[in-house]
Undergrad: 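Pasting a structure below so you can have a look.
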Amino acid sequence: MGSAGQLHMLYTCPFCWKVRGLLEHLDIAHERVQVNPMKTKKLPSAPEWKKVPVWVDSNDEVFVDSTPIMKHIDSVHNDGKLWASGDEERRDKWMEWVDLHMSKATIPILYGSLGSALKTTTRVSKLERFGFFSKRLYAWAGFPIMWGIIAKKRVKKDGRTPKKLWHDLLDEFLAEIGEKEFFGGNTPDLIDLAAFGYVRSISPYPQFSQIEEHEAGMKWYRAVESTLKV
Ligand SMILES: N[C@@H](CCC(=O)N[C@@H](CS)C(=O)NCC(=O)O)C(=O)O
């Protein structure tokens with residue numbers, strides 16, 4: 001089977017993890033282009049859109065923004081079955097909830113304390129395809145910026161520890177799932193895969209153990225993971 005398209009991505013970007021999970025769940029052959037974090041101006045969607053993920057399909061058509069990309073891939077390659085729902089109001093509300101709350105919770109857990117910010121930036125500088133100089137620049141300049149400027153403000157504003165924040169989010173999400181195994185019922189749908197992508201984006205870091213302590217959350221997470229064809 002030929003490639004369905006190219007995913008232009010950063011390895012550590014949570015929005016890219018959302019799309020990657022979907023592609024793996026549907027077992028869609030594709031190419032991954034790991035971009036240099038300092039060169040998002042060179043993306044096929046630039047200059048209008050300088051963010052990853054960017055999806056370029058086999059006809060060279062360009063799609064941007066992770067949730068619209070997921071809906072597009074599901075509709076073209078899966079008859080829209082993961083987005084179809086008997087209760088569109090519930091679906092739309094929770095997709096918005098996932099994108100609003102889970103996306104904001106990744107920075108606090110990764111960069112919210114001096115120690116974790118240092119661990120994360122060291123790991124990011126190894127995982128991403130930086131250039132020779134930008135790798136070194138990021139490794140020492142990235143962490144005070146992420147920790148001192150961005151993460152500290154967010155943690156303070158929220159008031160909870162990053163771990164408590166994640167456990168609360170998982171509680172809320174699982175309460176909505178109720179007795180079923182997934183948000184989508186007996187099988188994951190696009191909401192499960194989006195939420196899964198945000199959680200999975202923490203998995204390359206030692207801080208993931210704080211999320212692993214949420215037993216019910218991990219049960220759901222591992223269940224979604226077991227549907228991926230990787
Ligand atoms: N709403 C977008 C957000 C994407 C996003 O913010 N990506 C970050 C990386 S995690 C990025 O590319 N930032 C580069 C920039 O803003 O110049 C999505 O869901 O795809």
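Each ligand, and each atom within it, is numbered from 1 in the order the structure gives. Positions are given from 1 along the sequence.
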Undergrad: Among protein heavy atoms, which lies nearest atom 19 (O) of ligand 1, and at what distance?
TA: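 Looking at atom 19 (O) of ligand 1, the protein heavy atom closest to it is Ser66 OG, 2.5 Å.
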Undergrad: List ligand 1 atoms under 4.0 Å from Pro53, heavy atoms only on the residue side.
TA: 20 (O)
Undergrad: Could you tell me the residue and atom name of the protein heavy atom closest to atom 7 (N) of ligand 1, and the distance to it rounded to 0.1 Å?
TA: Val52 O, 3.0 Å
Undergrad: Is it the case that the ring center of Tyr11 lies less than 6.0 angstrom away from the ring center of Trp17?
TA: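 Here the rings of Tyr11 and Trp17 have centres that are less than 6.0 Å from each other.
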Undergrad: Mind jotting down which residue pairs meet the side-chain hydrogen bond (donor to acceptor under 3.5 Å, both in side chains) criterion with at least one end in residues 177-192? Sequence neighbours excluded, please.
TA: Asp192-Trp220
Undergrad: For Ser134 and Phe130, indicate whether the former's side chain and the latter's backbone hold a donor-acceptor pair under 3.5 Å.
TA: no
Undergrad: Starting from atom 14 (C) of ligand 1, find the nearest protein heavy-atom neighbour and note its residue, name and distance.
TA: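 Result: Lys50 O, 3.7 Å.
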Undergrad: Inspect the contact between Glu128 and Lys135 and indicate whether a charged nitrogen and a carboxylate oxygen are less than 4.0 angstrom apart.
TA: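 Between Glu128 and Lys135 there is no salt bridge, as every charged N stays at least 4.0 Å from the carboxylate O atoms.
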Undergrad: Would you say the ring centroid of Phe208 lies under 6.0 angstrom from that of Tyr221?
TA: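 Yes, ring centres under 6.0 Å apart.
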Undergrad: Can you tell me which residue and heavy atom of the protein come closest to atom 10 (S) of ligand 1, and the distance to 0.1 Å?
TA: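 Protein heavy atom at minimum distance: Cys13 SG, 2.8 Å.
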Undergrad: Between Asp65 and ligand 1, does any nitrogen or oxygen pair lie at a separation below 3.5 Å?
TA: yes
Undergrad: What's the separation between atom CE in Met9 and atom OG in Ser66, rounded to the nearest 0.5 Å?
TA: 13.5 Å
Undergrad: Counting non-hydrogen protein atoms only, what is the nearest one to atom 16 (O) of ligand 1? Give residue, atom name and distance.
TA: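 That would be Lys51 CG, 3.6 Å.
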